[in-house]
Enquirer: 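Let me give you the structure first, and then I'll get to my questions.
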Amino acid sequence: MKAVIQAGGKGTRLLPYTSVLPKPLMPIGARPVLELLLRWLRRNNIEEVYITTGYLGHLIRSFCGDGQQWGLKITYSQEAEPLGTVGSLTLLREHLDSSFLMLNGDVLTDLNLPAFGLAHRKHGGPLTIATTVRSTRMDFGVIEDRDNRITSFTEKPTLSNSVSMGVYCMEPDVIKYIPAGIPFGLDDLALCLLEKDVPIHVFKHQGLWLDIGRVEDFHNAQDIKWEERAPSLLAVAS
């Protein structure tokens with residue numbers, strides 16, 4: 001299976017650090033997050049990788065080269081203007097001829113990719129989104145009311161939601177729903193597919209996931225020995 005790493009964003013959540021380094025090259029311990037991603041892909045038997053670049057893309061090319069040092073073949077695309085999380089796939093249309101993996105360049109996880117790919121092929125749909133559960137502490141008291149009378153009051157509750165991990169399994173046919181030359185996000189694609197009654201499936205991951213574009217996750221990632229992390233077996237396909 002081929003993999004596409006989205007590495008064209010500006011990483012505004014990690015400013016001012018990303019004013020001199022693209023987010024995928026931010027260090028996690030002694031290695032950039034992008035190198036950890038590439039090593040993780042290779043451990044999961046991925047050999048062919050496409051990296052979409054934009055902001056400071058020349059630094060990413062200079063660091064990764066052709067991927068030979070990791071036993072990978074790396075090909076690059078360059079966005080003249082930002083195309084969003086899936087818009088850049090239109091630049092790779094001729095190369096993506098079978099089921100492929102797409103992931104954000106700021107994700108670190110122990111997701112079991114063979115299990116993920118198997119679940120995707122099993123249901124036969126065009127798009128599978130890896131999801132996990134994240135809890136968010138509200139900064140406000142939450143009020144429910146009926147007829148202008150309060151029925152419940154919860155002070156700063158913690159809410160749990162299923163969220164996208166930024167890791168997707170796709171079929172080439174999904175690219176026909178993506179307009180060329182304009183910004184188009186995964187949310188736009190999902191809404192387009194739902195409007196056309198095209199099924200979208202999820203793969204529920206119960207292991208580790210960090211979005212290093214968030215400052216808190218970036219700091220937490222520094223304490224994890226990623227090279228020793230085995231693939232998680234905690235997942236439920238649906």
Side-chain angles (χ1 to χ4, degrees), residues 1-7 9 37 40-52 83-93 95-136 159-180 183-214 217 229-238:
M1 183 181 291
K2 299 175 182 179
V4 178
I5 299 178
Q6 301 286 0
L37 270 178
W40 169 66
L41 289 173
R42 190 65 191 88
R43 288 198 302 272
N44 281 273
N45 298 318
I46 302 292
E47 297 182 357
E48 193 168 352
V49 176
Y50 295 84
I51 301 179
T52 69
L83 294 176
T85 47
V86 297
S88 58
L89 291 179
T90 60
L91 303 176
L92 299 171
R93 191 188 310 270
H95 302 281
L96 302 174
D97 52 4
S98 59
S99 301
F100 65 94
L101 184 74
M102 188 188 86
L103 58 149
N104 297 344
D106 57 3
V107 169
L108 290 174
T109 179
D110 61 355
L111 176 69
N112 189 315
L113 287 184
F116 183 37
L118 180 62
H120 171 77
R121 289 189 292 271
K122 186 176 180 180
H123 64 62
L127 171 62
T128 306
I129 301 176
T131 66
T132 191
V133 174
R134 268 289 171 105
S135 296
T136 305
L159 306 178
S160 293
N161 296 282
S162 179
V163 300
S164 169
M165 293 171 54
V167 183
Y168 316 92
C169 209
M170 299 181 176
E171 293 302 312
D173 282 351
V174 84
I175 301 177
K176 70 183 180 184
Y177 298 101
I178 304 172
F184 202 73
L186 194 284
D187 54 337
D188 299 312
L189 175 61
L191 289 173
C192 176
L193 295 178
L194 292 173
E195 287 176 0
K196 297 180 182 298
D197 201 29
V198 178
I200 304 172
H201 294 79
V202 300
F203 184 82
K204 298 179 180 179
H205 178 59
Q206 299 175 19
L208 182 66
W209 173 71
L210 293 174
D211 168 10
I212 66 99
R214 297 177 69 252
D217 280 9
R229 194 82 189 185
S232 174
L233 299 179
L234 301 175
V236 179
S238 63

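The shown structure was predicted, so the numbers you read here are calculated from the model rather than taken from an experiment.
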Enquirer: Measuring only between side-chain heavy atoms, which start at C-beta, is F116 closer than 4.5 Å to V167?
Expert: yes

Enquirer: Tell me whether W209 contacts the main-chain N or O of M165 through its side chain, where contact means a donor paired with an acceptor under 3.5 Å.
Expert: yes

Enquirer: Does a side chain donor of either N112 or H205 reach within less than 3.5 Å of an acceptor in the other side chain?
Expert: no

Enquirer: Are the side chain of N44 and the backbone of L41 linked by a donor-acceptor contact shorter than 3.5 Å?
Expert: no

Enquirer: Using side-chain heavy atoms (C-beta onward) and a distance below 4.5 Å, is T109 in contact with W40?
Expert: yes

Enquirer: For the residue pair A7 and I51, what are the closest heavy atoms and their distance?
Expert: CB-CG2, 3.8 Å

Enquirer: Between atom CG of L193 and atom CD1 of I200, what is the distance when rounded to the nearest 0.5 Å?
Expert: 4.5 Å

Enquirer: Write down the atom of I46, the atom of A3, and the distance for their closest heavy-atom approach.
Expert: CG2-CB, 3.9 Å

Enquirer: If only atom types and distance count, is the side chain of D217 paired as donor or acceptor with the main-chain N or O of D211 below 3.5 Å?
Expert: yes

Enquirer: Would L83 and L91 count as a side chain to side chain contact (heavy atoms under 4.5 Å, CB included) here? Give the steps.
Expert: CA-CA 10 Å; L83 294 176; L91 303 176; 4.0 Å; yes

Enquirer: Which atom names give the shortest non-hydrogen contact between V198 and P126, and what distance separates them?
Expert: CG1-CG, 3.5 Å

Enquirer: Please tabulate, one pair per line, all N/O donor-acceptor pairs under 3.5 Å involving side-chain atoms of residues 168-177, not counting sequence neighbours.
Expert:
| residue | atom | partner | partner atom | Å |
| --- | --- | --- | --- | --- |
| Y168 | OH | S164 | OG | 3.2 |
| E171 | OE1 | S99 | OG | 3.2 |
| E171 | OE2 | S99 | OG | 2.4 |
| E171 | OE2 | H120 | NE2 | 2.8 |

Enquirer: What orientation do H95 and Y50 show, parallel under 30°, tilted 30 to 60°, or perpendicular over 60°?
Expert: tilted

Enquirer: Taking only residues two or more places apart in sequence, or in another chain, which ones meet D187 in a side-chain hydrogen bond (donor to acceptor under 3.5 Å, both in side chains)?
Expert: none

Enquirer: State, yes or no, whether a side-chain contact exists between F203 and T132 at a heavy-atom distance under 4.5 Å.
Expert: no

Enquirer: Working to the nearest 0.5 angstrom, can you tell me the gap between I5 CD1 and N104 CG?
Expert: 10.5 Å

Enquirer: Can you name the one residue among T128, T131, L127 that meets side-chain contact (heavy atoms from CB on, under 4.5 Å) with V202?
Expert: T131

Enquirer: Under a plain distance cut-off of 3.5 Å, with no hydrogens placed, do S88 and Q6 share a side-chain donor-acceptor pair?
Expert: yes

Enquirer: Closest heavy-atom contact between L103 and L101?
Expert: CD2-CD2, 3.7 Å

Enquirer: Does the pair H201 and K122 meet the rule for a side chain to side chain contact (heavy atoms under 4.5 Å, CB included), with working shown?
Expert: CA-CA 11 Å; H201 294 79; K122 186 176 180 180; over 6 Å; no

Enquirer: Any carboxylate oxygen within less than 4.0 angstrom of a Lys/Arg side-chain nitrogen, looking at K2 and D97?
Expert: yes

Enquirer: Do the side chains of L159 and N161 get nearer than 4.5 Å, heavy atoms only?
Expert: yes

Enquirer: Distance check, rounded to the nearest 0.5 Å: E48 atom CD versus F100 atom CZ?
Expert: 12.5 Å

Enquirer: Kindly compute the distance separating OG1 (T52) from CG (L92), expressed to the nearest 0.5 Å.
Expert: 7.5 Å

Enquirer: What's the shortest heavy-atom distance between L111 and A130, and which atoms?
Expert: CD2-CB, 4.1 Å

Enquirer: Would you say that V4 contacts L96 through its side chain, given a criterion of any heavy-atom pair below 4.5 Å between the two side chains?
Expert: yes

Enquirer: When you measure from the side chain of D110 to the backbone of L208, do you find a donor-acceptor pair of N or O atoms at a distance under 3.5 Å?
Expert: yes

